[in-house]
J.: 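Sharing a structure with you now.
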There are 2 protein chains.
Amino acid sequence: MNISKLGYALLTLLARGEFSGYDLARQMSEPIGFFWTARHSQIYPELAKMEEQGLLVVQRVEQHDRPDKKLYSITETGREALRQWVTEPIGPPVERSELVLKAYAIWQADPEQALRLFREQEAYHAAKLAQYEKEWFELKANTSAGLRVDDPCFADYITLWRGVDFERGYVEWCHWIAEQFERHLQEKKQKDEKDEKV
Amino acid sequence: MNISKLGYALLTLLARGEFSGYDLARQMSEPIGFFWTARHSQIYPELAKMEEQGLLVVQRVEQHDRPDKKLYSITETGREALRQWVTEPIGPPVERSELVLKAYAIWQADPEQALRLFREQEAYHAAKLAQYEKEWFELKANTSAGLRVDDPCFADYITLWRGVDFERGYVEWCHWIAEQFERHLQEKKQKDEKDEKV
DNA sequence: TCACGCATGTAAGAGGTTACATGATTAG
DNA sequence: CTAATCATGTAACCTCTTACATGCGTGA
């Protein structure tokens, strides 16, 4: 069948309900899709391809106040392919973090600019953290009785947990690095003042 | 100048020493490059391009026991470009995790297969964690006096820390999920045994 | 009236993977 | 003799981003 990762990502979403390409594009951009993203220009052709493969069926929905839309739903074939894929072994993950890459070169940087960058990044990740934490706490409150592993909410729970933990780690990390640059700048300032006196 | 992310990744490595394309390819695959990866087929043309742009200079090194190699070193132009880039603001990061994507669809899975997947992933990330932790502890031991922000070891330290924290999070997460599937399977087994008696 | 949200698409190009291609030396 | 390591490259292909393209309805 040859289904791409994006294809599986779309099946993952469509296993939970019927959506249009537009809906899916929204879910696969900020903020929900923190573990997989795609633009509409990639999604629309992929949906068309998957419909041809019989993984999805499409239904045109006419709307009076808005443009018509194409509602996609997963077929039994699609669901079976997803079920197959979901527990298949994963190869070594391809990590790519521009921030960690910059961190590896940070010893070259102007300290004031470096401080600015990490303060900025701390704020960014703190905002993400707050957002995921809010959703996570809400989910926890609504399902205090405990979740079954075959409940979609269980999947929501673990996914959000990962997001929370991920962002929490970044916030602490950025904060500590920013502190080091602050200390460095203060020490330099004190030294400069001392030199002036002499 | 128009330098790609890969270009900056290469400059980041070449700021620390002279390397051949082969050396760089090794550093940008497992295990060192956990925050940026590239294959040799992408690296060789990129190096050639960067040399033309005057960011690098190349030097042919003849070796008797092995094939000759091309040693690249960063130029002042290259170092300046790197210094510029390293504190430039970063756009929203593109996160892509196949495992978290699968986690979001895990409610569809066969519980036994899901258990296998997460046990497998726990082992994988535990191995990565052990490796990063070892390097991190060694670095800590060698630099007990504290590090200056302009020391490359400071960059090593924070990069490894991020890796350790990242992997630690995955290990705990996989472990907890595997436990949930184990409990689910045990409960099912008990129910099946009870049903048999009746 | 102007921007924004809804809604769907195409095209060009950059970025990245897999496979093809060659060839020497060394360790098992 | 066979596999692995060192060493450099190219070609085909897939994935992903950016930009182009259209058009309606609503609220400021």
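Note on naming: letters A, B, ... go to the chains in the order of the sequence lines (proteins, then strands), and numbering restarts at 1 for each one.
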J.: Look at B/Glu187 together with B/Lys191 and state whether they make a salt bridge at an N to O cut-off of under 4.0 Å.
T.: no
J.: Measure CD/A/Glu51 against P/C/dG9 and give the value in whole Å, please.
T.: 10 Å
J.: Under 4.0 Å from OP1 or OP2 of C/dG9: is there any side-chain N or O of A/Tyr44 that close?
T.: no
J.: What is the distance, to the nearest angstrom, from the CZ atom on B/Arg96 to the C1' atom on C/dG16?
T.: 12 Å
J.: Without decimals, in angstroms, what is the distance between B/Glu62 CD and D/dT8 P?
T.: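 It works out to 13 Å between those atoms.
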J.: Would you say A/Gln63 reaches C/dA7's phosphate, i.e. side-chain N/O to OP1/OP2 under 4.0 Å?
T.: yes
J.: What is the separation between atom CD on B/Glu98 and atom P on D/dT15, rounded to the nearest whole Å?
T.: 12 Å
J.: Find the distance A/Asn2:CG to D/dC13:C1' and express it as a whole number of Å.
T.: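 That distance rounds to 12 Å.
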J.: On the nucleotide D/dC6, are OP1 or OP2 found under 4.0 Å from the side-chain N or O atoms that B/Ser20 carries?
T.: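 For D/dC6, OP1/OP2 do not have a side-chain N/O of B/Ser20 under 4.0 Å.
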J.: Rounded to whole Å, how long is the line connecting atom CG of A/Leu24 with atom C1' of C/dG9?
T.: 15 Å
J.: Please name the pair of heavy atoms, one in B/Leu47 and one in B/Gly21, separated by the smallest distance, quoted to 0.1 Å.
T.: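 In this case the closest contact between B/Leu47 and B/Gly21 is CD1-CA, 3.6 Å.
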J.: Does C/dG23 have OP1 or OP2 sitting under 4.0 Å from an N or O in the side chain of B/Arg66?
T.: no
J.: For A/Phe35 and B/Tyr104, I'd like to know if the aromatic rings sit close, meaning centre-to-centre distance below 6.0 Å.
T.: yes
J.: Does A/Arg39 make a side-chain N or O approach to OP1 or OP2 of D/dT18 shorter than 4.0 Å?
T.: yes
J.: Just to be sure I understand the rule, does B/Lys70 reach a base, reach only the sugar-phosphate, or reach nothing, if contact means heavy atoms closer than 4.0 Å?
T.: sugar-phosphate
J.: What is the distance, to the nearest angstrom, from the CD atom on B/Gln42 to the P atom on D/dC16?
T.: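 B/Gln42 atom CD is separated from D/dC16 atom P by 14 Å.
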J.: Using whole Å, what does the distance between atom P of nucleotide C/dA7 and atom CD of A/Glu18 come to?
T.: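 Atom-to-atom, A/Glu18 to C/dA7, this comes out as 14 Å.
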J.: Looking for any heavy atom pair under 4.0 Å, which part of the strands does B/Ser41 touch: base, sugar-phosphate only, or nothing?
T.: base
J.: Nearest of D/dT26, D/dT17, D/dA7 to any side-chain atom of B/Val94?
T.: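 Out of D/dT26, D/dT17, D/dA7, the nucleotide with an atom closest to B/Val94's side chain is D/dT17.
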J.: Tell me whether the OP1 or OP2 atom of D/dT8 has a side-chain N or O from B/Tyr22 closer than 4.0 Å.
T.: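 Indeed not, no polar side-chain atom of B/Tyr22 lies that close.
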J.: Quick one: OG1 on B/Thr143 to CZ on B/Arg148, what's the gap to the nearest 0.5 Å?
T.: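 One gets 14.0 Å once the value is rounded to the nearest 0.5 Å.
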J.: Which residue lies toward the 5' end of DNA chain C, A/His40 or B/His64, if each is placed at its nearest nucleotide?
T.: A/His40
J.: Determine whether A/Ile3 and A/Leu55 satisfy the following criterion, side-chain contact (heavy atoms from CB on, under 4.5 Å), listing intermediate values before the conclusion.
T.: CA-CA 10 Å; A/Ile3 304 168; A/Leu55 302 164; 3.8 Å; yes
J.: Quick check on DNA chain D: between A/Lys49 and B/Gly21, whose nearest nucleotide comes earlier from the 5' end?
T.: B/Gly21
